[in-house]
K.L.:
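Take this structure, written in structure tokens, and hold onto it; I'll ask about it next.
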Amino acid sequence: MTKNALITGITGQDGAYIARLLLDKGYEVFGLHARRASDTLWRLRELDVLDRVELIEGDLTDLSSMIRAMNKSQATEVYNLGAQSFVATSWEQPILTGYVTGLGALNMMEAIRLTNQKARFYQASTSEMFGKIQESMQSEATPFYPRSPYGVAKLYAHWMTVNYRESFDMHCSSGILFNHESPLRGIEFVTRKVTDAVARIKQGKQKELRLGNIDAKRDWGHAADYVEAMWLMLQQDVPDDYVVATGRTTTVRDMCKIAFSHVGLNYEDFVVIDPKFYRPAEVEVLLGNPAKAKAKLGWEAKISLEEMITTMVNADMKRVAREV
Ligand code: NAP
Ligand code: G4F
């Protein structure tokens, strides 16, 4: 029997990768699509899945469109990936971030409760909830201390997911995912900002790269690996929360070194520190402990940081070369 899945945020990085994964597994895939003036479908085109998914118009802040999406898709699995996901923007638009990233998750769970309480729900929780870290390696047992309006909104959604699981016996799971990237990453995030700049500098189209705090450390994995963990969570008999990470942390500075040296350049010749990119409150370091995901889901990260960053540079070299 075909399974039906509904993905919010299908036009984002993770949405595109999980759409491909589910299609490969034989699912019928539906995706929530907000009407926008600019093209948001490029990722689905790049992975060659646009023609194989059904898009449903809707917005996470609009409960009625969530209910319609549930009725139309007849989804038995719902992946809630939609969010205002850029941490820096969350200080500029804290209320919108609260509505979309926090209350949006609740709208989705309410729509499930009102239409088909048996549908399984995945919430895209985040390592940003650990913020000012309370333990050097963060696991499911580490206390949270979010440091941005985004982190606070995600923490609300996270606890609502736990609450719906415990209150209504719904199959609601949270993946506490650490940073994950790919050639489909948005240009505003630091890895893609760097790999795009490396390609432009190498091809003589840019002179320097302006960055903020390059001593910040992140536990970076590849999105294609991480969506596998999301799917595995919804295949378990019992819903639960899982940290998904690599167990290795690297500075933004060292990530720059990898990217620039891949095309024979020295990052120190091009990176300029610009206070404009510093945040009102920084998450200095993140390092995840994925032991539970390995033990219970049989999941572990396969793609190394070096492989991922060099693949991203190669993809951007091609994109920049194609520009007129
Ligand atoms: P992304 O590329 O920024 O994608 C965000 C998606 O949310 C886009 O499809 C966007 O649609 C959609 N969206 C924004 N506002 C919406 C609204 N009001 N209603 C419905 N959809 C809306 O994010 P990502 O990197 O794929 O991440 C996926 C999820 O995982 C997000 O919830 C993110 O917060 C979370 N997360 C990400 C990471 C990471 O490192 N990537 C780590 C932990 C957790 P448009 O294209 O139309 O704007
Ligand atoms: O790439 P970033 O913007 O990602 P950040 O803030 O860690 O958030 C991402 O990962 C979270 C998981 O932990 C997700 F929940 C969230 O949705 C998003 O996907 O910044 C990474 C680090 C930060 O410490 C930032 O201060 O890089 C530092 N950084 C230094 N210069 C910069 C820059 N970040 C950006 N975006 N741009 C800079 O110029």
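When a ligand or atom number is given, it counts from 1 through the structure's own listing order.
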K.L.:
Given that the side chain starts at C-beta and the backbone is N, CA, C, O, which of these parts of L286 lies under 4.0 Å from ligand 2, counting heavy atoms, or is it both or neither?
P.N.:
side chain

K.L.:
Main chain of G98, side chain of T101: is a donor-acceptor contact present, judged purely on distance under 3.5 Å?
P.N.:
no

K.L.:
Could you tell me if any non-hydrogen atom of T8 lies under 4.0 Å from any atom of ligand 1?
P.N.:
no

K.L.:
Can you tell which part of L211 has a heavy atom less than 4.0 Å from ligand 2: side chain, backbone, both or neither?
P.N.:
both

K.L.:
Is a side-chain donor-acceptor pair under 3.5 Å present for Y99 with Q84?
P.N.:
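Their side chains do not contain a donor-acceptor pair, so the 3.5 Å distance test is not met.
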
K.L.:
How does Y278 reach ligand 2, by side chain, by backbone, by both or by neither, if only non-hydrogen atoms under 4.0 Å count?
P.N.:
neither

K.L.:
Based purely on interatomic distance, does L81 place a nitrogen or oxygen under 3.5 Å from a nitrogen or oxygen of ligand 1?
P.N.:
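Checking ligand 1 against L81, an N or O pair does fall under 3.5 Å apart.
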
K.L.:
With backbone taken as N, CA, C and O and side chain as the heavy atoms from C-beta onward, which portion of K154 lies under 4.0 Å from ligand 1: side chain, backbone, both, or neither?
P.N.:
side chain

K.L.:
Say whether, by atom type as modelled, one donor and one acceptor occur between the side chain of R120 and the main chain of E77 under 3.5 angstrom.
P.N.:
no

K.L.:
Can you check which of A124, A157, A153, S182 brings a heavy atom nearest to atom 35 (C) of ligand 1?
P.N.:
A124

K.L.:
Just to be sure I read this right, does ligand 2 sit under 4.0 Å from the backbone of K154, its side chain, both, or neither, counting only heavy atoms?
P.N.:
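No part of K154 is near ligand 2 at this cut-off.
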
K.L.:
Return yes when Y150 approaches ligand 1 closer than 4.0 angstrom through a heavy atom, no otherwise.
P.N.:
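Flag set, Y150 near ligand 1.
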
K.L.:
If I apply the N/O under 3.5 Å rule, does T11 come out as touching ligand 1?
P.N.:
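Yes; the residue has a nitrogen or oxygen that sits under 3.5 Å from a nitrogen or oxygen of the ligand.
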
K.L.:
So which bit of R185 gets within less than 4.0 Å of ligand 1, heavy atoms only: side chain, backbone, both or neither?
P.N.:
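The side chain, only.
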
K.L.:
Would E181 count as being in polar contact with ligand 1, using the rule that some N or O on each side must be under 3.5 angstrom apart?
P.N.:
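Among all N and O atoms of E181, none is under 3.5 Å from an N or O of ligand 1.
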
K.L.:
Could a heavy atom of S125 be found less than 4.0 Å from some atom of ligand 1?
P.N.:
yes

K.L.:
Between G12 and ligand 1, does any nitrogen or oxygen pair lie at a separation below 3.5 Å?
P.N.:
yes

K.L.:
Report the part of T40 (side chain from C-beta onward, or backbone N, CA, C, O) that has a heavy atom under 4.0 Å from ligand 1; answer both or neither where that applies.
P.N.:
side chain

K.L.:
Under 4.0 Å, heavy-atom basis, I'd like to know which part of L60 is in contact with ligand 1: side chain, backbone, both or neither.
P.N.:
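Both of them.
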
K.L.:
For the 3.5 Å polar cut-off, considering only N or O atoms, please tell me whether H180 and ligand 1 meet it.
P.N.:
yes

K.L.:
Mark the output for F86 as yes if a heavy-atom distance to ligand 2 is under 4.0 Å, and as no if none is.
P.N.:
yes

K.L.:
Quick one: CD1 on I7 to CG on L32, what's the gap to the nearest 0.5 Å?
P.N.:
10.5 Å

K.L.:
Heavy-atom contacts with D59 under 4.0 Å: which atoms of ligand 1 show up? List them by number with element.
P.N.:
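The list of qualifying atoms is 17 (C), 18 (N), 19 (N).
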
K.L.:
Look at the side chain of Q134 and the backbone N and O of K132, then say whether any donor-acceptor pair between them is shorter than 3.5 Å.
P.N.:
yes

K.L.:
Where is the nearest protein heavy atom to atom 36 (N) of ligand 2: which residue, which atom, and how far?
P.N.:
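Nearest protein contact, heavy atoms only, for atom 36 (N) of ligand 2 is E188 O, 2.9 Å.
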
K.L.:
Looking only at protein heavy atoms, which one is nearest to atom 10 (O) of ligand 2, and how far off is it?
P.N.:
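Scanning the protein heavy atoms, the shortest distance from atom 10 (O) of ligand 2 goes to N179 ND2, 3.0 Å.
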
K.L.:
Using a plain distance cutoff, I'd like to know if Q13 has any nitrogen or oxygen under 3.5 Å from a nitrogen or oxygen of ligand 1.
P.N.:
yes

K.L.:
Test your reading of the structure: does N179 have an N or O sitting under 3.5 Å from an N or O of ligand 1?
P.N.:
no

K.L.:
Report the part of V252 in contact with ligand 2, treating N, CA, C, O as backbone and CB onward as side chain, heavy atoms under 4.0 Å; options are side chain, backbone, both, neither.
P.N.:
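The answer is the side chain.
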
K.L.:
Tell me which protein heavy atom sits closest to atom 6 (O) of ligand 2, plus the residue, atom name and distance to 0.1 Å.
P.N.:
R279 NH1, 2.6 Å

K.L.:
Quick one: look up the protein heavy atom nearest atom 1 (O) of ligand 2 and list residue, atom name and how far away it is.
P.N.:
V190 N, 2.8 Å

K.L.:
State the atoms of ligand 2, each with its element, that fall below the 4.0 Å cut-off from a heavy-atom position in E282.
P.N.:
23 (C), 24 (O), 25 (C), 26 (O)

K.L.:
Out of R36, H33, M129, who is nearest to atom 22 (C) of ligand 1 when you count heavy atoms only?
P.N.:
R36

K.L.:
Parallel, tilted or perpendicular for F260 and Y267, by the 30°/60° rule?
P.N.:
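Taking Y267 first and then F260, their aromatic rings sit tilted (interplane angle of 30° to 60°).
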
K.L.:
Going by the angle between their ring planes, with limits at 30° and 60°, are Y226 and W299 parallel, tilted or perpendicular?
P.N.:
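Geometry flag for W299 against Y226: perpendicular rings.
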
K.L.:
Heavy-atom distances under 4.0 Å are what count here, so tell me which part of F277 touches ligand 2: side chain, backbone, both or neither.
P.N.:
side chain

K.L.:
If we only consider heavy atoms of R185, is any one of them less than 4.0 Å away from an atom in ligand 2?
P.N.:
yes

K.L.:
Taking atom 13 (O) of ligand 2 as the point of reference, which of A88, S127, A197 owns the nearest heavy atom?
P.N.:
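Looking at heavy atoms only, the winner is S127.
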
K.L.:
Under a 4.0 angstrom heavy-atom cut-off, which atoms of ligand 2 come close to A216?
P.N.:
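Heavy-atom distances to A216 below 4.0 Å select 24 (O).
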
K.L.:
Got an N/O contact under 3.5 Å between T61 and ligand 1?
P.N.:
no

K.L.:
Regarding ligand 2, does I214 bring an N or O atom to under 3.5 Å of one of the ligand's N or O atoms?
P.N.:
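No, I214 has no N/O under 3.5 Å of an N/O on ligand 2.
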
K.L.:
Regarding atom 5 (C) of ligand 1: of the candidates G9, S65, A83, which has the closest heavy atom?
P.N.:
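That would be A83.
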
